[in-house]
There are 2 protein chains.
Amino acid sequence: MPVPLTKDPIAEIQRNWERQGWQQAAAPAAAVTAIMRTQQILLARAQEILKPFKLTFARYEVISLLSLSRERRMPMNKASALLQVHPTSITNAVDRLEAAGLVERQPHATDRRAMLLVLTPRGKQMVDRATAALNEQLFEQTGFTAEEVAELNRILANFRQRAGDFKA
Amino acid sequence: MPVPLTKDPIAEIQRNWERQGWQQAAAPAAAVTAIMRTQQILLARAQEILKPFKLTFARYEVISLLSLSRERRMPMNKASALLQVHPTSITNAVDRLEAAGLVERQPHATDRRAMLLVLTPRGKQMVDRATAALNEQLFEQTGFTAEEVAELNRILANFRQRAGDFKA
DNA sequence: ACTATATACTTGGAAGTCCTACAGTTGGTC
DNA sequence: GACCAACTGTAGGACTTCCAAGTATATAGT
């Protein structure tokens, strides 16, 4: 990692796959690996930017979601569904957000099984600052051109829809 | 997650960002989130396919790399560089691969700090079967069209190069 | 030749993800 | 009205990733 490689290791995977005679699988195998690596790079950047706020990207996503909702509150199962992560991941994130005073758990008015997540004023302030930092330092300079962003959004939305993430 | 959402939650993020007046950041924010979600879906599929082999994707990547190298052996630091993960991740994966009898650690001939990873015959057999499964069940039916795969490979290779993953 | 810096790997710990299993609630069905 | 299936959130465990620190070895500079 310190010294950049002289060859793209993912292009190397594709060449290896082709050399083995797996023509059909070669390019998609490279694409899958590239997506995983890209995610890793983007996540690392986000975490770096969020470090001064003592937030991780997972926790940022939770409070950002709350911040954009009406009333700045939401049942946990809805947060889980919208962020598309396992319920226990939300539990984990909320435990830490609550310890940091950014979010509160409140009983649901009509369903005693459910928990309502409520963004505190401190939480709101934190989201605003963290979002400004992410916008400036990550989203407005991802390293993708505007065309590439549009292409990615198109291709990945198709994929996610076919994968069953959402309907029509 | 059980019931598919009626709206794409990532498109929702983009709309929310635009509503807040963050025009420049909106589309890239959606793209970043889409990449993360897509990685999650692909990783889950890979893990599912590898489960019968008692392999995780991280461990598969290590033995696949060894399998494609001359002599089926490689120093750990080279594996770390090529897979672009932290050295400790390799240590972790190799501990488990070694326990499963798929890989062996051998001393390096000329550098006594270094460790040589050697794929065992059992390991080779396992890679071959796992690769066949991944090719059939994942890579040959990712849900991307051939054009989309080509676009992804082009866009993500540019990105990774700009991010410093490799030179020229 | 000797010291200082750099490299290779491991250990221990923090954080995230998921899964399984469980307790408490809810709600439709007979 | 009682009962069972489905749902909500959480505890515990496995796994991965990274970071920080430590040990051993190699290499460069004086």
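Computation of the quantities below employed the complete heavy-atom set of this structure, encompassing side-chain atoms and omitting hydrogens, waters and symmetry-equivalent molecules. Source: prediction; values computed, not measured.
Between the CZ atom of Arg96(B) and the C1' atom of dT17(D) there is a distance of 12 Å, given to the nearest Å. Taking atom NE2 of His108(B) as the reference point, atom P of dT7(C) lies 16 Å away to the nearest angstrom. Residue Ile90(A) contributes atom CD1, which lies 15 Å from atom P of dA11(D) at whole-angstrom precision. Gln39(A) has its CD atom 16 Å from the P atom of dT16(D), to the nearest Å. His86(A) has its NE2 atom 13 Å from the C1' atom of dG12(D), to the nearest Å. Atom CD in Gln47(A) sits about 13 Å away from atom C1' in dT17(C), given to the nearest Å. Summarising the geometry, the separation between NZ on Lys51(A) and P on dG16(C) is reported as 14 Å, rounded to the nearest angstrom. Distance NZ (Lys78(A)) to P (dG9(D)): 13 Å, rounded to an integer number of Å.
Shown here are the side-chain contact (heavy atoms from CB on, under 4.5 Å) partners of Arg162(B), two or more places apart in sequence or in another chain: Glu148(A), Asn158(B).
At a cut-off of 3.5 angstrom, the base of dC18(D) holds no donor-acceptor pair with the side chain of Ser89(B).
More than 12 heavy atoms of other shown residues, nucleotides or ligands fall within 6.0 angstrom of atom NZ in Lys124(B).
Closest to the side chain of Arg112(A), out of dT26(C), dG9(D), dT10(D), is dT26(C). Side-chain proximity of Ala58(A) to dT17(C), dC9(C), dT16(D): nearest is dT17(C). Closest to the side chain of Gln40(B), from the set dT10(C), dC18(C), dA15(C), is dC18(C).
Relative orientation of the Phe144(A) and Phe159(B) rings is parallel, given thresholds of 30° and 60° on the angle between their planes.
Positionally, the nearest nucleotide of DNA chain C for Thr88(A) lies more toward the 5' end than for the other of Asp111(A) and Thr88(A).
Formation of a donor-acceptor pair under 3.5 Å by the Thr120(A) side chain with backbone atoms of Gly101(A) is found in this model. Here the side chain of Ser80(A) pairs no donor or acceptor atom with the backbone of Met76(A) at under 3.5 angstrom.
Distances shown here put every side-chain N or O of Arg113(B) at or beyond 4.0 Å from the OP1 or OP2 atom of dA6(C).
Within the nucleic acid shown, Thr91(A) comes within 4.0 Å of at least one base atom, counting heavy atoms only. When heavy atoms are screened at a 4.0 angstrom cut-off, Asn77(A) is found touching the sugar-phosphate backbone but no base atom.
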